[in-house]
Enquirer: 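Just passing along the structure, written as structure tokens.
Chain naming here is simple, since letters A, B, ... match the order of the sequence lines and numbering starts at 1 in each. In what follows, every heavy atom counts, from backbone to side chain, and hydrogens, waters and symmetry copies are set aside.
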Amino acid sequence: MDHGWDIKRTMKLLVTSGTYRQSSIADAKTLAADPLNKWLARQGRWRLDAEMVRDNALAVSGLLAKPIGGASVKPYQPVGYWKHLNFPKRKWAPDSGVSQYRRGLYTFWCRTFLHPSMLAFDAPTREGCVAERTRSNTPQQALVLLNDPTYVEASRVFAERILQHGGDTDGERLAWAFERILSREPSTGELDILLRLVSERAAYFAANAGAAKAAATAGEWPPSMALKPERVAAWAAVSRAILNLYETTSRF
Amino acid sequence: MNPEKFVTRLNRRSFLSNVSLGVGSLALGSMLDASGLAKRPSLGVIDPLHFAPRAKRVIHLCMAGGPSHLETLDYKPKLAEMDGKPMPKSITDGQPIAQLQGKAELKCLGPQHEFQNFGQSGQSISSALPHIGGVADEICIVRSMTTQQINHDPAHTFMNTGALVAGRPSMGSWVTYGLGSEGSDLPGFVVLTSVGGAQDQPIASRQWHSGFLPSRFQGVHFHSTGDPVLYISNPKGVDAKGQGAVIDAVNSINRLRNKTVADPEIDTRISQYEMAFRMQASVPELIDTSNEPQHVFDMYGAKPGDGSFASNCLLARRLAERGTRFIQLYHRGWDHHGGVKKGVLTTAKHVDKASAALIRDLKDRGMLDDTLVIWGGEFGRTPMAQGSGRDHHMKGFSFWLAGGGIRGGISHGNTDDLGYHSVEDVVTVHDFHATMLHLLGVNHKKFTFKFQGLDFRLTGVEEANILKTLLA
């Protein structure tokens, strides 16, 4: 109040405070004493809200359209999902161009058949007020992050960026990708796992040109012509893996 | 800790303490249990079950749109006599009416189909449903249902959630939350919507929502076109091995990370990725009916992959075999405001044969004993004409149930002579829910979930009765 209700100033005060900057890792004694973290002896830890799961994947891959405001948009949605609507019957036609990459906030909201990616991550239908969203952890979420064209495209485009900007060795590339997505370096154990994945997938795609081309052109975002499809496809597997980590879709 | 989990755990704890308060009477009760069966462990929050279950799973054949009880399960000779004559005002005055509201005169419409006595039990069933007539001795017809909502969507909401306001958990979510699921590769609560037939009712995904229960108990909608389960197919260019390699990497890194951060949500996440990967194999295996013999297709009247109600009935049996707890099938063609005679026949052609086949098939496999099958809509239709059809009606309609502890070959309750009001052994939606839970081994009064300071239950706060005469 003393600063003219400057909300941004208050936000800054909050996020730079010692309390906010604590780690979410706590010892057993603290956890037992305060299971719901009412006394703020540690940082909270939770999965991102539905819209932000989407925003995060688009942002790290560089696809996110940033303009503020405007009409609702229609991202990719499985064909026939609206089949059971009637009076009137409706058809979902996905937007193309920049409208495909807007924040989840702008996704068209059909209350009776909410976009399935949003629904999977507990977005409310908005039929009634929801003061606190549930945070579930379901196989549908895994299927969305693994197979929804939005996330597959984001992985492919992120793979191109890794190859363009990530450095000269696979180790450097992985470190660059980790920094972009998780704001930390990979551990040696993590590096081992992903190096194995990329070499195994590279061998597969080198022998399967058709599969490589399909994986390297996922989504409508124009693919990079300068890169070989088998390399993009192999690194898309790696970036899909990183985008699917629990840490990626959570705040710690 | 995730607050949702914490609440679930507290809830589970309060269950246990409820039980321990009455431990003496409970022990006695179980010793005196007529079936002589010990208490059953369960895979859900109700562990052990409150008493020995008669049904392990539920298949709800939802006849959406409001089937006319007067042309299907409830014959009214008096209404036939009164055909074309004015409906007595003594019955309709002050009653809520849907589209017939404000009509100067309400006229009776006699039953549009003949009824026959079927089976050894001689149950009276419409000639439009000869196949269901063929299993008359297996089914129990309830002719005295009532509901509180006169329009489709709120009436479905009431039938599914026991509440008039949208947003409460559906019965499939309650049951799966309470009992868990036996299948490890498929969801515990599956919804199948069918194509075929005229006048498709819209249906909202809220009907299988988990409301305030944890969202993993939400019904999973299987689709007849495209991916049967949304996002079940691998991305283009990725084969099963490639998908497995990515999931392995994800789970390995999550496991490594969990050594540092010790988060039970990560353990859950790892098991959910394993489940997702198994589903990617088990769902196509479920949908692929090519190993079913031709006589099974003939019995149901199904063609592989046609998305029909018949195909979905066959899928329901396959889901039941694989341990799915609650299976809900919608056929959306029962809203016969006009042309009820032809309309009932048309929809019956899509539904009758397959519904009966499901009963026979389950019986042949020894599964009818522990599978509760429910057949009915969200409401019935008026004895008064709406042109050549009938309007929505909530004061009296019919259902049938079979298997899972239900006595076959009997009927329960009656409407008045014109089929308007349920007058004998009146059944509410809450009675129906209480009875379903009873058959599953659950005391509906003890099955609660704390939300916004209240102990919610599927059967609400008013008295709900278990329909004992239905029980075998």
Enquirer: Going by an N to O cut-off under 4.0 Å, is there a salt bridge joining A/R133 and A/E51?
Expert: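 Yes.
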Enquirer: Could you have a look at B/P187, B/G242, B/S210 and say which one has the most heavy-atom pairs with chain A under 4.5 angstrom?
Expert: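 That would be B/G242.
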Enquirer: Does a side-chain N-to-carboxylate-O contact under 4.0 Å join A/R47 and A/D122?
Expert: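 Salt bridge: yes.
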Enquirer: Between the side chain of B/T161 and the main-chain N/O of B/S170, is any donor-acceptor distance below 3.5 Å?
Expert: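 Checked: no pair found.
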Enquirer: Is it the backbone or the side chain of B/I203 that comes under 4.5 Å from a heavy atom of chain A, or both, or neither?
Expert: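 For B/I203, backbone and side chain are both near chain A.
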Enquirer: Before accepting this row, confirm whether a basic side-chain N of the pair A/E247/A/R45 lies closer than 4.0 Å to the acidic partner's carboxylate O.
Expert: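 A salt bridge is absent here (no side-chain N lies under 4.0 Å from a carboxylate O).
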Enquirer: Below 4.5 Å from any heavy atom of chain B, which atoms of A/S23 appear? Answer side chain, backbone, both or neither.
Expert: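 Contact with chain B is absent: no heavy atom of A/S23 under 4.5 Å.
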Enquirer: With no hydrogens and no angle check, is any side-chain donor or acceptor of B/S173 less than 3.5 Å from a backbone partner on B/P169?
Expert: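 Side chain of B/S173 to backbone of B/P169: no pair is present.
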Enquirer: Find the one option among B/V250, B/V165, B/V261, B/V229 whose heavy-atom pairs under 4.5 Å with chain A are most numerous.
Expert: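 The answer is B/V261.
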Enquirer: B/F189 and B/F217: aromatic ring centres closer than 6.0 Å?
Expert: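 No, the ring centres sit 6.0 Å or more apart.
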Enquirer: Let me know if B/I247 has heavy atoms under 4.5 Å from chain A in its side chain, its backbone, both or neither.
Expert: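 Only the side chain of B/I247 comes within 4.5 Å of chain A.
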Enquirer: Does any heavy atom of chain B fall under 4.5 Å from the side chain of A/L146, the backbone, both, or neither of them?
Expert: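 Backbone plus side chain of A/L146, per the 4.5 Å heavy-atom cut-off to chain B.
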Enquirer: For the candidates B/M275, B/K236, B/R257, B/E274, which exhibits the highest count of non-hydrogen atom pairs separated by less than 4.5 Å from chain A?
Expert: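 Of B/M275, B/K236, B/R257, B/E274, B/R257 has the most heavy-atom pairs under 4.5 Å with chain A.
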Enquirer: For the pair B/R206 and A/E127, find out whether any cationic side-chain nitrogen is under 4.0 Å from an anionic carboxylate oxygen.
Expert: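 Between A/E127 and B/R206 there is a salt bridge, with a charged N closer than 4.0 Å to a carboxylate O.
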Enquirer: Checking A/A233 against chain B: side chain, backbone, both or neither under 4.5 Å from a heavy atom?
Expert: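 Neither the backbone nor the side chain of A/A233 comes within 4.5 Å of chain B.
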Enquirer: With a 4.5 angstrom heavy-atom cut-off, which part of B/V238 approaches chain A: side chain, backbone, both or neither?
Expert: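 It is the side chain, since no backbone atom gets that close.
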Enquirer: Please classify the contact of A/I25 with chain B as side chain, backbone, both or neither, using a heavy-atom distance under 4.5 Å.
Expert: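 Answer is side chain: those atoms of A/I25 sit under 4.5 Å from chain B.
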Enquirer: Select one option (side chain, backbone, both, neither) describing which atoms of B/V220 are under 4.5 Å from chain A's heavy atoms.
Expert: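 Answer is side chain: those atoms of B/V220 sit under 4.5 Å from chain A.
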Enquirer: Check this for me, if you would: do A/R196 and A/E200 make a salt bridge, where the nitrogen-to-carboxylate-oxygen distance has to be below 4.0 angstrom?
Expert: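 So A/R196 does not pair with A/E200 through a salt bridge.
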Enquirer: Heavy-atom distances under 4.5 Å only: say whether A/E190 touches chain B with side chain, backbone, both or neither.
Expert: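 For A/E190, heavy atoms of backbone and side chain both lie under 4.5 Å from chain B.
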Enquirer: Can you say whether B/D263 sits under 4.5 Å from chain A via the side chain, the backbone, both, or neither, judging by heavy atoms?
Expert: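 Looking at B/D263, backbone and side chain both touch chain A.
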Enquirer: Is the charged tip of A/K74 near the ring of A/W92: under 6.0 Å from the six-membered ring centre and within 45° of its axis?
Expert: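 Relative to the ring axis of A/W92, which defines the angle, A/K74 lies inside both limits.
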Enquirer: Of the listed residues (B/I266, B/D227, B/I270), which shares the most heavy-atom pairs with chain A below a 4.5 Å separation?
Expert: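 Greatest number of close heavy-atom pairs with chain A: B/I266.
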Enquirer: Please classify the contact of A/Y204 with chain B as side chain, backbone, both or neither, using a heavy-atom distance under 4.5 Å.
Expert: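 For A/Y204, side-chain heavy atoms alone lie under 4.5 Å from chain B.
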Enquirer: State whether A/F178 and A/R180 meet the cation-pi test: NZ (Lys) or CZ (Arg) under 6.0 Å from the six-membered ring centroid, and within 45° of the perpendicular axis.
Expert: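 Judged by the rule, A/R180 and A/F178 form no cation-pi pair.
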Enquirer: Heavy atoms only, distances under 4.5 angstrom: which of B/Y330, B/Y231, B/F212 has the most pairs with chain A? Name it, please.
Expert: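 Among the listed options, the one with the most contacts to chain A is B/Y231.
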Enquirer: Can you tell me which of A/N37, A/V130, A/D148 forms the most heavy-atom pairs within a distance under 4.5 Å of chain B?
Expert: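 Ranked by contacts with chain B, first place is A/D148.
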Enquirer: Between B/F449 and B/Y177, does the ring centre distance come in under 6.0 Å?
Expert: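 Yes, they do, as the ring centres are separated by less than 6.0 Å.
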Enquirer: Which answer fits B/A262, side chain, backbone, both or neither, if we ask what part of it has an atom under 4.5 Å from a heavy atom of chain A?
Expert: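 Contact with chain A is through the backbone of B/A262 alone.
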Enquirer: Let's test your reading of the structure: which of B/H209, B/R278, B/Q280, B/Q243 forms the most heavy-atom pairs below 4.5 Å with chain A?
Expert: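 Winner by heavy-atom pair count: B/Q243.
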Enquirer: Return the option, out of A/T138, A/V152, A/L145, with the maximum number of heavy-atom pairs under 4.5 Å with chain B.
Expert: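 Winner by heavy-atom pair count: A/T138.
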Enquirer: Under 4.5 Å heavy-atom distance to chain B, tell me which part of A/V144 shows up: side chain, backbone, both or neither.
Expert: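 Both the backbone and the side chain of A/V144 come within 4.5 Å of chain B.
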Enquirer: Do B/H156 and B/Q207 have side-chain atoms, one donor and one acceptor, less than 3.5 Å apart?
Expert: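 Result is no, nothing qualifies.
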Enquirer: Parallel, tilted or perpendicular: which one describes the rings of B/H223 and A/Y81, with boundaries at 30° and 60°?
Expert: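 The arrangement is tilted - the two ring planes meet at 30° to 60°.
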